[in-house]
Amino acid sequence: MCGIIGYIGKKQAYPIIINGLKKLEYRGYDSYGICILNNDNVFLKKKVGRISNENGENLRDGNLGIGHSRWATTGGVCEKNAHPHEYNGFYVVHNGIVENYKELKEDLIKKGHKFNSDTDTEVIAHLISEEFKDNLEDAVRKALKKIIGSYGVAIVSPKDKDKIVIAKMSSPIIIGICKDGHIVASDPSAVIDFTKQIVTLDDGEIAVLKKDGYMILKEKKIEIIDWESDAVSKGEYEHFMLKEIMEEPNVIENATQGRLLEDNVKLGGLETSKERLEKTNKIYLVGCGTGYHAAKTGEYLMEEIAGIDAEAHMASEIRYRNVRLGPNYAAIFVSQSGETADNLACLKRMKEVGVLPLGVTNVIGSTQTRETEGGVYTRCGPEIAVASTKAFIGQLTVLTMISIFLGRQRNLSKERAKEIISELKELPRKGSLILDNHKQIQELAKKYSQFKNFWFIGRKFNYPIAMEGALKLKEISYVHAEGTPGGELKHGPLALIDENCPTIAICTKDSVYDKMISNIEEVKARNGKVIAIATEGDGKIKDIVDDVIYIPETLECLTPLLSTIPLHLFAYYFALSLNRDIDKPRNLAKSVTVE
Ligand code: AGP
């Protein structure tokens, strides 16, 4: 941890900076340094040892300067490694770590740059010099885009005088607002003697401090609403939920449009995180409700397709757990609204410990999209019904593509990637075939509408889908439903099975088909009725269960994108038969923005 400080104003900078460094000494005291600009003249002093040896006498006239107290991270304790670091007239003080400094330094040396220190920080001065044309903050912005890591930086230069440019990513930085100038510092202790008014920079913000004021620059991307106004009307549908289920095949189409290459995917929102994702050891997937079910499916997808360690968690749980996290982990927050309070609280906590925060989000410009460092939009258009349906399909589609992206950074072969991608292109058509069968599903919902309890079972990729089907049913019909892995039935749930408790079994032709057939037979042996979601052409299952809803065959890892659709429809028609308030079920809200 280091301390940075800077001053620009009407007063002499030197004593203010020395005073501030003494207050910041607790942050690091291996060495210290100070740089004062006075027109084109620069005074630079760097010393090993403690700032407390300085008596604060003004050694140098000038109203603009920066200072630093160092706790050595990269590069030993010596004068050349003390900050400020300079290159070509650009002076930098930095608190944080440039994780990719070695690669950057190699590239710069190839371009002829000479380095004076062993530190990571010095590359920042070189990068700024490379980018500088005539505007310091512009050069800083471009230079920092190349940095992977954390920073609280302050930069000055006689090449663009009368300003201090500061920037923040993960390391704290504040601006002290004084009546005769401005102080930038790592924390308020360095400004308290001059002001109690401070402004705190957020991650990704750059600020320019001048004698008469400051300006905070935050790159605001222009984002385009990717849906038409009729998207927020029911059209010819009785409920938004039915309309949104009927859009599910189209959602797969929209989510993949322009993102599928021959043997990889193109996800612009992950570009800036590419290098970090290459080094990521483990992916946490975090969500609530349906978002969690998508996250759980994502866990299986990432293990299977990307060959990376993955763990899905409910935000409301993991945010309170003592999970060992750090910069080698990434967290993908899965949320339709991008406003779910538990997700955002968890996101904040994970960012604080250096986890790479990414989002799979539907609502453009939502808080989650602003707080994450990248991500992928699901492009579903507005989802109005409280019960999330098409957004779930969009989340699964995007998580499948992210798995391909991560896999191709690792050991996923071109052939396997091609196979998944070409099948993904078939799913909108295959999903539409399921919707064409909605009458059968409506009849089944009616047939079972007198039951008050349901079990949903599935295995592997379809275990989260069993949970999703149960959530959909219970949240709009108010009947009890639970989703559980098929293998768990005999560990307890089977005690509930009888002629009054039907089971919906997702039993598609895949690696766990035979196991699911055994689970179905366990239920039948206790007089439980079974509705199977099965693969077209599976004649055997028809003779074992009470009712079958067939879905087209697809790759095992893509089954959730199809097996979900009949469950969403079943829940809708079941609630319709009970005359429920389907789009606005009791006790619930579309976006849970409170904890
Ligand atoms: C799902 O049908 C529910 N409405 C609810 O579980 C929802 O998925 C959850 O509140 C998360 O919302 P989000 O996707 O907007 O974060």
Side-chain angles (χ1 to χ4, degrees), residues 239-245 247-248 251 255 284-298 312-319 331-348 357-372 375-399 456 464-479 481-483 560 564-565 567-572 574-575 580-595:
H239 296 99
F240 276 108
M241 184 176 174
L242 182 57
K243 174 173 180 269
E244 288 153 7
I245 294 170
E247 291 173 354
E248 289 183 342
V251 160
Y284 280 86
L285 296 115
V286 183
C288 299
T290 287
Y292 167 67
H293 298 152
K296 190 66 184 172
T297 312
H313 288 274
M314 294 166 188
S316 56
E317 275 299 301
I318 190 171
R319 62 177 289 204
I332 299 176
F333 292 84
V334 184
S335 174
Q336 190 285 129
S337 63
E339 301 297 345
T340 296
D342 279 318
N343 284 344
L344 298 178
C346 186
L347 165 53
K348 183 171 183 298
L358 302 171
V360 172
T361 319
N362 190 43
V363 175
I364 289 175
S366 56
T367 304
Q368 178 167 291
T369 60
R370 296 200 307 276
E371 293 302 318
T372 43
V376 186
Y377 278 121
T378 49
R379 296 180 181 165
C380 303
E383 185 179 70
I384 310 299
V386 165
S388 188
T389 52
K390 64 173 181 176
F392 180 68
I393 295 294
Q395 291 159 356
L396 296 187
T397 305
V398 165
L399 287 167
F456 286 72
I465 309 311
M467 292 195 285
E468 170 60 13
L471 174 63
K472 251 359 48 106
L473 184 65
K474 68 181 130 187
E475 72 172 316
I476 62 172
S477 309
Y478 317 151
V479 301
E482 265 189 75
T564 299
I565 300 175
L567 301 184
H568 282 170
L569 273 177
F570 181 84
Y572 172 77
F574 192 96
R580 298 297 191 211
D581 185 356
I582 291 174
D583 285 338
K584 295 187 181 61
R586 67 184 182 192
N587 309 338
L588 302 179
K590 181 57 186 171
S591 177
V592 184
T593 57
V594 293
E595 294 176 20

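Any value given below was found using the heavy atoms of this structure, including those in side chains, with hydrogens, waters and symmetry copies removed. Ligands are counted one by one from 1 in listed order, and the atoms in each one are counted from 1 as well.
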All ring pair (Phe, Tyr, Trp, His ring centres under 6.0 Å) counterparts of F570, not counting sequence neighbours: F574
Taking every non-hydrogen atom, the tightest pair across V360 and Q368: O-NE2, 3.7 Å
Non-hydrogen atoms of D342 and C288 that approach each other most closely: CB-SG, 4.0 Å
Chi angles and distances behind the side-chain contact (heavy atoms from CB on, under 4.5 Å) call for H293, L471: CA-CA 10 Å; H293 298 152; L471 174 63; 3.6 Å; yes
Note: E482-K474 ion pair, threshold 4.0 Å (strictly below): no
S388 versus Q336, side-chain donor and acceptor atoms under 3.5 Å: no
Under 4.0 Å from ligand 1, counting heavy atoms only: the protein residues, by chain and number: C288, G289, T290, G291, S335, Q336, S337, T340, N343, V386, A387, S388, L471, K472, E475, V592
